[in-house]
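Encoded as structure tokens, the structure appears first; notes follow it.
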Amino acid sequence: MNYWLVKSEPEVFGWDDLVKDKVAIWDGVRNYQARNNLRLMKKGDYVLFYHSQTTKDVVGLSEVSQEFFQDPTTDDPNWVSVKLIPVKKFVEPVTLAALKANEKITELIMLRNGRLSVMPVAKNEFNEIIKMSKTKI
DNA sequence: GCCAACGTTGGC
DNA sequence: GCCAACGTTGGC
């Protein structure tokens, strides 16, 4: 099983929207690196859900419910989507500042490349983030 | 609102 | 194939 993190602007599509809709089609990705990561996602992989721009925190855990398929918002076969379902809202959101301050979190791509919207997370760092969220999975 | 970082585009 | 210019993202 692999671990991932996706970024979303809550004003466009936030955690509450995911819960309300019960499933999200993760479409509109137009970046090759992010696209490559979408293609590597397997059903059942855990996906951290991060709110960019506003609160800048990881707010919950989601899961891949369907592996990649043609992005329905374009006919260009370069672009793919996956489906995500909510697993659990974090008891305490994990802020970007807290991630930066945690010495155990060193590889997280977001801390170096602020622009990538879909990225892998190392297992030990994933576990650390879950621990920081005070949430039982 | 500004600016840094980075990806993409297009001229050569 | 290189590199400058430009656009976009996202933190501050």
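Note on naming: letters A, B, ... go to the chains in the order of the sequence lines (proteins, then strands), and numbering restarts at 1 for each one.
- Between A:Tyr3 and A:Pro120 the shortest side-chain heavy-atom distance does not fall below 4.5 Å.
- For A:Glu9 and C:dG11, the CD to C1' distance is 12 Å, given to the nearest whole Å.
- Atom CH2 of A:Trp79 sits about 14.0 Å away from atom CZ of A:Phe68, to the nearest 0.5 Å.
- Protein atom NE2 of A:His51 is 17 Å distant from nucleotide atom C1' of C:dT9, rounded to whole Å.
- Atom CG of A:Asn31 and atom P of B:dG7 are 7 Å apart (whole Å).
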### Message
Could you go through A:Thr106 and A:Arg112, starting from their C-alpha distance and side-chain angles, then the distance that decides it, and tell me whether this counts as side-chain hydrogen bond (donor to acceptor under 3.5 Å, both in side chains)?
### Response
CA-CA 9 Å; A:Thr106 57; A:Arg112 269 180 290 119; over 6 Å; no
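- Of the residues in residues 98-109 of chain A, none has a non-hydrogen atom less than 4.0 angstrom from any atom of DNA chain B.
- In this structure, A:Tyr50 atom OH and C:dT9 atom P are separated by 15 Å, rounded to whole Å.
- The CG atom of A:Asn78 sits 11 Å away from the P atom of B:dT8 (whole-angstrom rounding).
- Contact annotation: A:Gln33 side-chain N/O to B:dG7 OP1/OP2 distance is under 4.0 Å.
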### Message
Working note: A:Thr74 + A:Asp76, criterion side-chain hydrogen bond (donor to acceptor under 3.5 Å, both in side chains); need CA distance, chi angles, decisive distance, verdict.
### Response
CA-CA 5 Å; A:Thr74 176; A:Asp76 186 339; 5.2 Å; no
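- Proximity of A:Leu38 to A:Val29: side-chain heavy atoms (C-beta onward) are separated by under 4.5 Å at one or more points.
- Residues A:Leu96 and A:Met110 are in side-chain contact: their nearest non-hydrogen atoms beyond the backbone lie under 4.5 Å apart.
- Atoms OG and CZ, from A:Ser117 and A:Arg35 in turn, are 12.5 Å apart once rounded to the nearest 0.5 Å.
- The stretch residues 110-120 of chain A touches DNA chain C through A:Gly114, A:Arg115, each having a heavy atom under 4.0 angstrom from the strand.
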### Query
Are A:Trp4 and A:Asp45 close enough, and set up right, to give a side-chain hydrogen bond (donor to acceptor under 3.5 Å, both in side chains), and what steps lead you there?
CA-CA 8 Å; A:Trp4 309 92; A:Asp45 279 358; 3.0 Å; yes
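- Pairing each heavy atom of A:Ser62 with each of A:Leu84, the nearest pair is OG-CD1, 4.1 Å.
- Atom pair A:Lys56:NZ and C:dG11:P shows a separation of 6 Å (rounding to whole Å applied).
- Whole-Å rounding puts the A:Leu96 CG to C:dG10 P distance at 12 Å.
- One can place CZ of A:Arg30 at 16 Å from C1' of C:dG7, the figure rounded to the nearest angstrom.
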